[in-house]
Amino acid sequence: MSEEIKNQEAAEAANQDELDQIVSLKKGDTVKGTIVKLEDNQAVVSIGYKYDGIIPIRELSSGLDNAEEAVQVGQEVEARIISIDDGKEKLVLSKRAIDSENAWEKLEQLFESKEVFEVVVNDVVKGGIVVDVGLRGFIPASMVERHFVEDFSDYKGRTLRVVVKELDRENNKVILSQKDVLEAEFEANKLKVMAELKEGQEIVGTVQRLTQFGAFVDVGGVDGLVHVSEIAWTHVDKPSDAVSEGEQVKVKVLKVDPEKGKISLSMKAAQPGPWESAAGQFNNGDVVTGVVKRLVNFGAFVEIASGVEGLVHISQISHKHIGTPQEVLEEGQEVKVKILEMSPTEKRVSLSIKETEEAPEAAPRAERAPRASRAPREELNNPNVSLNNSGLSITLGERFGDKLNKFK
C-alpha cells in the first residue's frame with residue numbers, strides 16, 4: 001500500500017471521527033475544551049467542533065464581575081452543553097453545571113469528615129456571605145466570626161476557612177461556617193494556655209471588653225476575668241473608671257479552673273499595695289495632710305495616701321473637750337495630722353490632729369476672795385434668857401410641871 005493511500009485513509013478516518021462527533025453532540029452532553037478567548041461577559045471555548053462554544057459568565061461561576069475571575073486563556077475545562085444551534089452556529093456551554101456536580105460529591109465527603117477547607121468570598125448579601133464552592137455556598141452572618149460583626153462590606157475577596165454545616169442537595173442548599181472552625185481552634189488553644197498558666201504567675205495582657213462586674217483580659221488568646229474588686233487597691237465603682245479596652249495591663253493569676261474554663265486574674269495583686277508603699281513613705285512623727293473619710297463615735301478615719309487610712313481618736317481631735325467628732329470635723333475635709341504610730345504589717349496607723357496645733361494658753365485662775373471675818377459674838381445679857389442647863393431645866397419644869405403631874 002502506497003503512502004498516499006495510507007494518508008488518504010487516515011484523513012478519511014479523522015473526518016469520520018469528526019463527523020461522528022458532530023452527529024453525536026446534543027444538549028446535556030459533557031465535553032472537554034480549551035479556553036481560546038475571554039470577553040467581559042463570556043469565555044470562548046474550542047471543543048474540536050466545527051465552531052467554538054461560549055460559556056456565559058453566569059455559567060462560569062456565581063458572583064463574578066468578569067470572566068477573567070474564573071478562567072484563563074489556554075486553560076482546559078469540562079463543560080455541559082446547554083444548547084446547540086448549528087443553523088446559527090451557536091453552542092452554549094456551562095462549566096458551572098459540571099463544577100456543581102463535582103462539588104456536591106466533594107462537599108458530601110467534607111461534610112462527613114468535618115474537614116476544614118478554604119473559600120473566597122464572592123459577595124456580601126443580606127444576612128450573610130456568598131462563596132463559590134463549585135456551586136453557591138452561603139455563610140450566615142452568625143456563622144462568620146466568634147464575635148458579632150455589624151458590617152461585612154470589607155469581606156469581599158477574603159479567604160475564609162470553613163466547614164460544611166448543612167447540605168440539602170434537593171433544594172440546592174449549602175450552609176458553611178467559619179465560626180465552628182474558630183471556636184474549635186479557640187478551645188484547643190484555651191486548654192493549652194490554661195495548662196501553662198500557674199497560680200501566682202504575673203503576666204501582661206490586653207483588656208478585651210468591660211462589663212459592670214469587671215474586665216476581661218486576653219492572656220495569650222484566652223480571656224481571664226479581673227473582677228471589679230481586683231482592679232485597684234482603691235474603690236472602683238465601674239471598670240471603665242480605671243481601664244479601657246485595648247489597654248495593656250499587668251495581672252496576677254489568682255485561679256485557673258480548666259473544668260469550668262475560667263481564669264481569675266487580679267490587677268491590684270500585681271502592683272505594690274498601698275500599705276507596702278506607705279512603709280517607705282511615712283515615719284512616726286511626720287506631719288502630713290489627709291482627708292477625713294469617715295466619722296464614728298470614737299473618732300475620725302483620715303486617708304493619708306491612696307488606700308491608707310488611719311484613726312484619729314476622739315481624744316486626739318481637739319485640745320478642747322468635744323462630745324462627738326462631728327462637732328469639729330466633716331467628711332471630705334482636708335486636715336493636717338501627725339503620725340503617732342504606724343504599723344504597715346498590721347495595716348494600722350494612729351494619728352493626731354491636736355498635736356499639729358498649739359495648745360491654747362491656760363486661763364489664769366481667779367483669786368480667791370478673802371475670807372470674811374467672823375462677826376463679833378454678841379453677848380447675851382438678856383436676863384429673860386438662860387443658856388445654862390440649870391436655867392433651861394428650871395424654865396421647862398416651871399412651864400410643863402403642872403401638865404406632867406397629871407400623868408403621875
Peer 1: Got a sec: does the CZ of Arg146 have more than 12 other heavy atoms crowding it under 6.0 Å?
Peer 2: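 More than 12 heavy atoms, drawn from other residues, nucleotides or ligands, come within 6.0 Å of this atom.
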Peer 1: Answer whether the closest heavy-atom distance between the side chains of Val174 and Leu176 falls below 4.5 Å.
Peer 2: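 With C-beta onward as the side chain, the pair touches.
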Peer 1: Quick one, Val124 and Ser153 - any side-chain contact, counting heavy atoms below 4.5 Å?
Peer 2: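 Result no, sub-4.5 Å side-chain heavy-atom pair not found.
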Peer 1: Quick one about Gln42 and Glu39 (side-chain donor to acceptor, distance below 3.5 Å, no hydrogens or angles considered), yes or no?
Peer 2: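 Their side chains do contain a donor-acceptor pair, which is all the 3.5 Å distance test asks for.
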Peer 1: Sequence neighbours left out, what passes side chain to side chain contact (heavy atoms under 4.5 Å, CB included) with Glu68? Give chain and number order.
Peer 2: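 For Glu68, the residues satisfying side chain to side chain contact (heavy atoms under 4.5 Å, CB included) (neighbours in sequence not counted) are Leu38, Asn66.
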Peer 1: What pairs with Glu115 under side chain to side chain donor-acceptor pair (under 3.5 Å), at least two apart in sequence or on another chain?
Peer 2: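 With neighbours one apart ignored, the set is empty.
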Peer 1: side-chain contact (heavy atoms from CB on, under 4.5 Å) between Lys336 and Glu357: does it pass, once the steps are laid out?
Peer 2: CA-CA 9 Å; Lys336 280 189 175 182; Glu357 304 168 346; over 6 Å; no
Peer 1: Quick one: closest heavy-atom pair of Asp85 and Tyr51, and the distance?
Peer 2: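 Scanning both residues completely, I find the closest heavy atoms to be O-OH, 3.3 Å.
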Peer 1: Distance from Glu196 atom CD to Gln201 atom CD, nearest 0.5 Å?
Peer 2: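 Going from the CD atom of Glu196 to the CD atom of Gln201 covers 9.0 Å.
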Peer 1: Let me confirm one number: the NZ-OG1 distance from Lys238 to Thr211, rounded to the nearest 0.5 Å.
Peer 2: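 The OG1 atom of Thr211 is 13.0 Å from NZ of Lys238, to the nearest 0.5 Å.
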Peer 1: With a cut-off of 6.0 Å (strictly less than), are more than 12 heavy atoms of other residues, nucleotides or ligands near CG of Asn297?
Peer 2: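 Counting other residues, nucleotides and ligands, CG of Asn297 stays at 12 neighbours or fewer.
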Peer 1: Sub-3.5 Å donor-acceptor pair from the side chain of Asp286 to the main-chain atoms of Val288, do we have one?
Peer 2: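 Side chain of Asp286 to backbone of Val288: no pair is present.
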Peer 1: Mind checking salt bridge (charged side-chain N to carboxylate O under 4.0 Å, His left out) for Glu145 and listing every partner two or more places apart, or none if nothing turns up?
Peer 2: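 In terms of salt bridge (charged side-chain N to carboxylate O under 4.0 Å, His left out), with neighbours along the sequence ignored, Glu145 is linked to no residue.
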Peer 1: What's the spacing between Glu334 CD and Thr289 OG1 if we round to 0.5 Å?
Peer 2: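 Going from CD on Glu334 over to OG1 on Thr289, the span is 5.5 Å.
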Peer 1: How about CD on Gln212, more than 12 heavy atoms from neighbouring residues, nucleotides or ligands closer than 6.0 Å, or not?
Peer 2: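 Result for CD/Gln212: open.
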Peer 1: Partners of Arg161 by salt bridge (charged side-chain N to carboxylate O under 4.0 Å, His left out), sequence neighbours excluded?
Peer 2: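 Partners of Arg161 under the salt bridge (charged side-chain N to carboxylate O under 4.0 Å, His left out) test: Glu185.
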Peer 1: Taking all non-hydrogen atoms of both residues, which atom of Val71 and which atom of Ala43 are closest, and how far apart?
Peer 2: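 Nearest heavy atoms, Val71 then Ala43: CG2-CB, 4.1 Å.
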Peer 1: Kindly indicate whether the side chain of Val121, heavy atoms from C-beta on, has any atom under 4.5 Å from the side chain of Phe152.
Peer 2: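 In short, these two side chains do not touch, never coming nearer than 4.5 Å.
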Peer 1: Which heavy-atom pair separates Ser94 from Ile82 by the least distance, and what is that distance?
Peer 2: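 Between these two residues, the closest heavy atoms are CB-CD1, 3.2 Å.
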Peer 1: Which atoms form the tightest heavy-atom contact between Leu210 and Ala215, and what is the distance?
Peer 2: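 That closest heavy-atom pairing would be CD2-CB, 3.6 Å.
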Peer 1: Knowing that exactly one of Leu167, Val163, Val164 qualifies, which makes a side chain to side chain contact (heavy atoms under 4.5 Å, CB included) with Leu110?
Peer 2: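 One option only clears the test, and that one is Val164.
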Peer 1: Of all residues at least two apart in sequence or in a different chain, which pass the side chain to side chain donor-acceptor pair (under 3.5 Å) check with His227?
Peer 2: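 By the side chain to side chain donor-acceptor pair (under 3.5 Å) rule, His227 matches Ser229.
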Peer 1: Decide yes or no for Ile231 and Asp241: does some side-chain heavy atom of the first lie under 4.5 Å from some side-chain heavy atom of the second?
Peer 2: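 Contact flag for Ile231/Asp241 side chains = no.
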Peer 1: Using a strict cut-off of less than 4.0 Å between a Lys/Arg side-chain nitrogen and an Asp/Glu carboxylate oxygen, indicate whether Glu108 and Arg169 qualify as a salt bridge.
Peer 2: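 Here Glu108 pairs with Arg169 in a salt bridge, since their nearest N and O are under 4.0 Å apart.
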Peer 1: Taking the side chain as everything from C-beta on, heavy atoms only, tell me whether Asn283 gets closer than 4.5 Å to Ile339.
Peer 2: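 No; the side chains remain at least 4.5 Å from each other.
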Peer 1: When you check the side-chain N and O atoms of Asp168 and Asn171, is any donor under 3.5 Å from an acceptor?
Peer 2: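 Per modelled atom types, Asp168 and Asn171 side chains form a pair under 3.5 Å.
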Peer 1: Can you tell me how far CE of Met143 sits from CD of Glu183, rounded to the nearest 0.5 angstrom?
Peer 2: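 With rounding to 0.5 Å, CD (Glu183) is 12.0 Å from CE (Met143).
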Peer 1: Heavy atoms, side chains only, cut-off 4.5 Å: are Val243 and Met267 in contact?
Peer 2: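 Yes, their side chains come closer than 4.5 Å.
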Peer 1: Which pairs count as side-chain hydrogen bond (donor to acceptor under 3.5 Å, both in side chains) when at least one residue sits in residues 126-144, sequence neighbours excluded?
Peer 2: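 Pairs touching residues 126-144 that pass the test: Ser61-Asp132.
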Peer 1: Check whether any side-chain heavy atom of Ser83 sits under 4.5 Å from a side-chain heavy atom of Lys27, and report yes or no.
Peer 2: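 Not in contact.
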Peer 1: Are Val287 and Val337 packed together at the side-chain level, in the sense that at least one heavy-atom pair is separated by less than 4.5 angstrom?
Peer 2: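 With C-beta onward as the side chain, the pair stays apart.
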Peer 1: Before accepting this row, confirm whether a basic side-chain N of the pair Lys95/Glu59 lies closer than 4.0 Å to the acidic partner's carboxylate O.
Peer 2: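 Not counted as a salt bridge, because no side-chain N and carboxylate O are separated by less than 4.0 Å.
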Peer 1: Can you list the residues that meet the side chain to side chain contact (heavy atoms under 4.5 Å, CB included) rule with Ser352, with sequence neighbours excluded?
Peer 2: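 Applying side chain to side chain contact (heavy atoms under 4.5 Å, CB included) to Ser352 gives Gln316, Leu340, Lys354, Glu355.
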Peer 1: Can you name the residues that form a salt bridge (charged side-chain N to carboxylate O under 4.0 Å, His left out) with Asp180, not counting sequence neighbours?
Peer 2: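 For Asp180 the salt bridge (charged side-chain N to carboxylate O under 4.0 Å, His left out) partners, ignoring immediate neighbours, are Lys165.
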Peer 1: If the condition is side chain to side chain contact (heavy atoms under 4.5 Å, CB included), which residues does Ser244 pass it with, not counting sequence neighbours?
Peer 2: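 Side chain to side chain contact (heavy atoms under 4.5 Å, CB included) list for Ser244, sorted by chain: Glu247.
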Peer 1: Using a strict 4.0 Å threshold on nitrogen-to-oxygen distance, state whether Asp99 and Arg96 make a salt bridge.
Peer 2: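 Between Arg96 and Asp99 there is no salt bridge, as every charged N stays at least 4.0 Å from the carboxylate O atoms.
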Peer 1: Only counting residues at least two apart or in another chain, list the ones meeting salt bridge (charged side-chain N to carboxylate O under 4.0 Å, His left out) with Lys173.
Peer 2: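 Lys173: salt bridge (charged side-chain N to carboxylate O under 4.0 Å, His left out) contacts with Glu166.
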Peer 1: Checking Tyr49 against Asp86: is there a side-chain donor and acceptor pair closer than 3.5 Å?
Peer 2: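 Present: a donor and an acceptor within the cut-off.
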Peer 1: When you look at NE2 of His147, are more than 12 heavy atoms from neighbouring residues, nucleotides or ligands closer to it than 6.0 Å?
Peer 2: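 It does: His147 NE2 has more than 12 such atoms within range.
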Peer 1: Step by step, would you call Ile353 with Leu351 a side-chain contact (heavy atoms from CB on, under 4.5 Å)?
Peer 2: CA-CA 7 Å; Ile353 294 176; Leu351 306 171; over 6 Å; no
Peer 1: Who passes side chain to side chain contact (heavy atoms under 4.5 Å, CB included) against Thr34, sequence neighbours left out?
Peer 2: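 Result, side chain to side chain contact (heavy atoms under 4.5 Å, CB included) vs Thr34: Glu76.
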Peer 1: Provide the closest heavy-atom pair for Val131 versus Val119 in the form atom of the first, atom of the second, distance.
Peer 2: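 In this case the closest contact between Val131 and Val119 is CG1-CG2, 3.9 Å.
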Peer 1: If you compare all heavy atoms of Lys250 against all heavy atoms of Ala270, which two are closest, and at what distance to 0.1 Å?
Peer 2: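 Minimum heavy-atom separation between Lys250 and Ala270: O-CB, 3.7 Å.
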Peer 1: As an exercise, state the distance from CZ of Phe216 to OG1 of Thr206, rounded to the nearest 0.5 Å.
Peer 2: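 Answer rounded to 0.5 Å: 15.5 Å.
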Peer 1: Between Trp233 (side chain only) and Pro274 (backbone N and O only), is there a donor and an acceptor less than 3.5 Å apart?
Peer 2: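 No, the answer is negative, given that no donor and acceptor are paired below the 3.5 Å cut-off.
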Peer 1: Please lay out, stage by stage, how Glu199 and Lys252 fare under the test salt bridge (Lys or Arg N to Asp or Glu O under 4.0 Å).
Peer 2: CA-CA 8 Å; Glu199 293 183 8; Lys252 186 173 186 176; over 6 Å; no
Peer 1: Restricting to side chain to side chain donor-acceptor pair (under 3.5 Å), what partner residues turn up for Ser266, sequence neighbours left out?
Peer 2: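 If we apply the side chain to side chain donor-acceptor pair (under 3.5 Å) test to Ser266, skipping adjacent residues, the hits are Glu230.
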Peer 1: Just verifying a value: how many Å separate Ile139 CD1 and Tyr155 OH, rounded to the nearest 0.5 Å?
Peer 2: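 Nearest 0.5 Å value for the CD1-OH distance: 10.0 Å.
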